[in-house]
Amino acid sequence: MTEHWQRRAWAEVDLDAISSNAGVLKAVASPAALCAVVKADGYGHGAVPVASAALAGGATSLGVALVEEGVVLREAGLEVPILLLSEPAAEAMGEVVARDLIPTVYTQPGLDAIRRAATRASRRVDVEVKLDSGMHRVGADFDEARRIVEQVVQAPELRYAGLWTHLAVADEPADPFTGEQLSRFDALRSSLEAAGLPSPARLHAANSAGAIAHASSRYDLVRCGISLYGYLPSTAVSPEPIEAAGAGALRPALTWKTQVSHVRTLGAGERTSYGRAYALAERADIATVPVGYADGVPRGLFQGGGELLVGGRRRRVAGTVTMDQLLVDCGPDSGVRCGDEVVLIGSQGAEIVSAQEWADRIGTISYEILCRIGPRLPRRHVRGAVGPL
Ligand SMILES: *Cc1c(COP(=O)(O)O)cnc(C)c1O
């Protein structure tokens, strides 16, 4: 299907920006290594091209949520370490070993399953153990983590490759809970050391927010997703450590473009779209834009006061976003024509609309905006300068 796209709507992903962001994050976190998190199809940017660009920019490993996501990367020929960020199902462990993915384990059944799969394959398999230090999503508690590490170290078919945890509030830098989580992680390390167990090859705790805002969370490796794509994790995270690292600024990699598909001039008092929720105060050119909520434009964008760019200017979303189309108010005598470029996310002229702006308007985070851009929208991977369709 992607070979034969007919629609004039697409997301342009600047792979130079991805490589550059990887370099920036590596500089910020140095001497820690960078694991590029490319789950959810690279946060909607295309996992394989993003992974290659991140590796070119200095990442040395990849992180994904699902075994299937790791398989896609292997099938594309990527040979670097790939960490599975959650424990795979017991039935998936054969595939994990066959594809040389690194499973995270934190339950006894999960550990037993990877041991059986490694034995069946007559392979020595790297595994990482995850501590739940307070996020309470996945991970082993302190005592269980100790028991699992002890068994991993003693199992000849396994290699103890990593010990890690995940931070719940790193994107709220003033919250002391991050410090609390890191102390629990450090307490586990000391307790394992005191028991004479070897240290793993890598200790890690930081997501993008940890890598940028919490120097003590960087350990041997930082696992960065959102900032690889050019966004700060939240508006509370300061870019100051990035500026101080002197390797440049983060650059959003994705620009969402389309073209005006229809224009009509309506008089004052006319109402548009489902529910007739938008009323024109004066005569205006209303442009139709051929993307909708099925492509990932939040339906709440109209109620949130959303704007997009046509002719280098911000234009108000004029009425309820529909499944395949939305309307914008271009004002009177706009000169806007069918075929004019529309930028939903990205820049046009001097104006910029970011995924963070959309997120703020509808009460979510940039992550959700980006990874909900649907499979129906073609991705065009470019390097640097972006051209017309
Ligand atoms: C998604 C994820 C990350 C990346 O988080 P960002 O905030 O996008 O940098 C890191 N670690 C784990 C365990 C994750 O699930």
Side-chain angles (χ1 to χ4, degrees), residues 18 21-22 24-26 28-29 32-45 47 50-51 54 57 59-67 69-70 73 81-88 101-106 127-140 145 162-173 175 178 181-182 185 202-214 217-239 241-242 250 252-254 355-356 359 364-373:
I18 300 283
N21 295 336
V24 168
L25 292 165
K26 192 175 137 80
V28 169
L34 174 65
C35 170
V37 177
V38 297
K39 59 191 178 186
D41 197 26
Y43 291 40
H45 292 62
V50 160
T60 49
S61 63
L62 302 170
V64 292
L66 308 180
V67 174
E69 293 173 332
L73 300 171
I82 299 175
L83 176 65
L84 298 167
L85 297 166
S86 287
E87 187 179 272
L101 307 175
I102 303 174
T104 293
V105 295
Y106 38 77
V127 303
E128 300 207 4
V129 177
K130 181 175 183 202
L131 170 72
D132 173 13
S133 61
M135 168 103 172
H136 301 326
R137 181 174 62 174
V138 293
L163 179 68
W164 65 276
T165 193
H166 189 50
L167 303 172
V169 289
D171 62 343
E172 295 160 44
D175 193 319
T178 298
Q181 286 193 270
L182 296 174
F185 186 55
R202 48 190 215 177
L203 293 163
H204 49 106
N207 49 10
S208 297
I212 296 166
H214 303 271
S217 75
R218 292 174 192 149
Y219 298 96
D220 300 314
L221 175 101
V222 296
R223 308 181 305 266
C224 294
I226 196 68
S227 296
L228 183 65
Y229 305 100
Y231 285 91
L232 287 170
S234 74
T235 48
V237 171
S238 157
I242 292 174
L250 295 176
L254 183 142
Q356 183 68 53
T364 184
I365 54 177
S366 59
Y367 302 63
E368 185 176 354
I369 300 293
L370 293 170
C371 72
R372 284 207 173 169
I373 299 175

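Below, each value reflects all heavy atoms present in this structure, side chains not excepted, and no hydrogens, waters or symmetry copies. Whatever order the structure lists ligands and atoms in, that order sets their numbers, starting from 1.
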Practice task
For R218 and A211, indicate whether the former's side chain and the latter's backbone hold a donor-acceptor pair under 3.5 Å.
Solution key: yes
Practice task
Kindly say whether Y367 contributes a backbone atom to a donor-acceptor pair with the side chain of Y43 at under 3.5 angstrom?
Solution key: no
Look up atom [atom1] in [X] and atom [atom2] in [Y], then write down how far apart they are to the nearest 0.5 Å.
{"X": "F185", "Y": "S217", "atom1": "CZ", "atom2": "OG", "result": "10.0 Å"}
{"X": "S86", "Y": "H166", "atom1": "OG", "atom2": "NE2", "result": "9.0 Å"}
{"X": "Y231", "Y": "L250", "atom1": "OH", "atom2": "CG", "result": "11.0 Å"}

Completion exercise
Protein neighbours of ligand 1 with a heavy atom under 4.0 Å, given by chain and number, are V37, K39, Y43, L85, R137, W164, H166, N207, S208, R223, C224, G225, I226, Y367
Handout entry: For A145, all residues meeting side-chain contact (heavy atoms from CB on, under 4.5 Å), sequence neighbours excluded
Key =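 If we apply the side-chain contact (heavy atoms from CB on, under 4.5 Å) test to A145, skipping adjacent residues, the hits are L131, A140, L188.
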